[in-house]
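The structure presented is a predicted model; accordingly, all values stated were derived computationally and were not measured.
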Amino acid sequence: MPAVKAVLDTNVLVSAFLKGNGREALIFSLACARRFIPAVSDLLLREYEEVLTRPGFGFNAQKIRIELSRFLAAAFRAPTNVPSVHAAYDPADDMVLDCALASGASYLVTGNTRHFPPQFETVRILPPRDFLLVLAASLA
């Protein structure tokens, strides 16, 4: 069982689908392959679905549903009845921190590190590049 548990911010999934072969796509693939434990809350999952199916991105809705199902099969579902924190610089991002804390995740992976403190309680906030280094060390 992988020891690393992490929450992926919505922008990581968007980048994974936009780029297809970048760092974010690798992280998404590693999550689906259970090389680490992705954590998600119901609220964050709804945001993933809402953002990824926006017409502006032009993603295939059926492919998104299939990929999110694969992701969800590997994911730890965070409890939903937890108090909300107020620590992100953009209050809309607090739900991502809520998910990380409620799930016991050690990492929050985001392309927008400026929206978060570098660490909040036990959760380190990392860009995808740094998270891949953490994963490489844990899988070695």
Side-chain angles (χ1 to χ4, degrees):
M1 179 67 130
V4 174
K5 187 185 290 184
V7 173
L8 305 182
D9 197 356
T10 307
N11 61 65
V12 174
L13 272 68
V14 169
S15 293
F17 286 98
L18 281 174
K19 297 178 186 175
N21 62 359
R23 292 179 182 117
E24 295 86 352
L26 176 58
I27 290 169
F28 185 81
S29 294
L30 290 170
C32 292
R34 301 173 193 253
R35 300 308 302 256
F36 72 95
I37 303 165
V40 68
S41 66
D42 290 341
L43 190 59
L44 186 56
L45 180 60
R46 280 194 298 274
E47 180 176 274
Y48 289 169
E49 292 168 343
E50 188 275 320
V51 170
L52 291 169
T53 57
R54 287 180 183 164
F57 287 120
F59 299 138
N60 179 299
Q62 182 177 355
K63 180 182 178 195
I64 294 298
R65 282 192 296 275
I66 290 167
E67 292 300 319
L68 285 179
S69 291
R70 279 186 345 122
F71 179 81
L72 199 53
F76 174 86
R77 297 294 286 264
T80 56
N81 57 345
V82 295
S84 183
V85 299
H86 303 288
Y89 301 125
D90 178 353
D93 289 326
D94 283 332
M95 73 160 170
V96 185
L97 274 175
D98 291 342
C99 178
L101 290 170
S103 66
S106 299
Y107 303 95
L108 188 162
V109 184
T110 181
N112 294 323
T113 54
R114 69 187 181 282
H115 290 187
F116 299 93
Q119 180 152 343
F120 184 76
E121 295 186 18
T122 58
V123 180
R124 288 183 54 204
I125 289 78
L126 298 176
R129 173 183 34 100
D130 293 355
F131 182 65
L132 284 172
L133 293 174
V134 167
L135 280 181
S138 76
L139 296 172

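- Here CZ of Arg35 is found 9.0 Å from CG of Leu135. Values are rounded to the nearest 0.5 Å.
- Defined by atom type and a distance below 3.5 Å, a donor-acceptor pair is present between the side-chain atoms of Asn11 and Thr110.
- Counting heavy atoms from C-beta outward, Pro127 and Val109 have side chains that stay 4.5 Å or more apart.
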Quiz item: Hey, mind stepping through Leu13 and Leu68 against side chain to side chain contact (heavy atoms under 4.5 Å, CB included) and telling me if it holds?
Solution: CA-CA 10 Å; Leu13 272 68; Leu68 285 179; 3.8 Å; yes
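- Exactly one of Val51, Leu52, Leu45 qualifies for a side chain to side chain contact (heavy atoms under 4.5 Å, CB included) with Glu49. That residue is Leu45.
- Across all non-hydrogen atoms, the minimal contact from Ala102 to Pro79 is O-CD, 3.3 Å.
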Practice problem: Go through the steps to decide whether Leu72 and Arg77 satisfy the test side chain to side chain contact (heavy atoms under 4.5 Å, CB included), and finish with yes or no. | Solution: CA-CA 8 Å; Leu72 199 53; Arg77 297 294 286 264; 3.5 Å; yes
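- A distance of 10.5 Å separates CZ of Arg34 from CZ of Arg70, quoted to the nearest 0.5 Å.
- Interatomic distance, Leu126 CG to Asp9 CG, rounded to the nearest 0.5 Å: 12.5 Å.
- A distance of 9.0 Å separates CG in Leu108 from OG in Ser103, rounded to the nearest 0.5 Å.
- Of all non-hydrogen atoms in Ala74 and Pro38, the two that sit nearest each other are O-CD, 3.5 Å.
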Practice problem: In sequence, state the C-alpha distance, the side-chain angles, and the governing distance for Glu24 and Phe131, and then conclude on side chain to side chain contact (heavy atoms under 4.5 Å, CB included). | Solution: CA-CA 10 Å; Glu24 295 86 352; Phe131 182 65; over 6 Å; no
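- Of all heavy-atom pairs spanning Val12 and Gly111, the tightest one is CG2-N, 4.2 Å.
- Under the 4.0 Å criterion applied to side-chain N and carboxylate O atoms, Asp130 and Arg124 are not assigned as salt-bridge partners.
- To the nearest 0.5 angstrom, Ile37 atom CD1 is 8.5 Å from Phe76 atom CZ.
- Atom-to-atom distance recorded for Leu8:CG and Cys99:SG is 9.5 Å, nearest 0.5 angstrom.
- Between Lys5 and Ser106 the shortest side-chain heavy-atom distance does not fall below 4.5 Å.
- In terms of hydrophobic clustering, with Ile, Leu, Val, Met, Phe, Trp and Tyr side chains grouped at heavy-atom distances under 4.5 Å, Ile66 and Val14 are assigned to different clusters.
- Two rings, from Phe36 and Tyr107, have their centers 6.0 Å or more apart.
- Ring pair Phe17/Phe59 is tilted by interplanar angle, where 30° to 60° counts as tilted.
- Ion pair Arg54/Glu50 flagged as a salt bridge, since at least one NZ, NE, NH1 or NH2 atom sits closer than 4.0 Å to an Asp/Glu carboxylate oxygen.
- Counting only heavy atoms from C-beta outward, the side chains of Glu47 and Leu43 never approach each other to under 4.5 Å.
- Nearest approach of Ala105 to Val123, heavy atoms of both residues: O-CG2, 3.5 Å.
- The residue from Leu44, Leu97, Ile125 that alone fulfils the side chain to side chain contact (heavy atoms under 4.5 Å, CB included) condition with Val7 is Leu44.
- Shown here for Asn60 and Lys63, the closest heavy-atom pair between the two residues is OD1-N, 2.8 Å.
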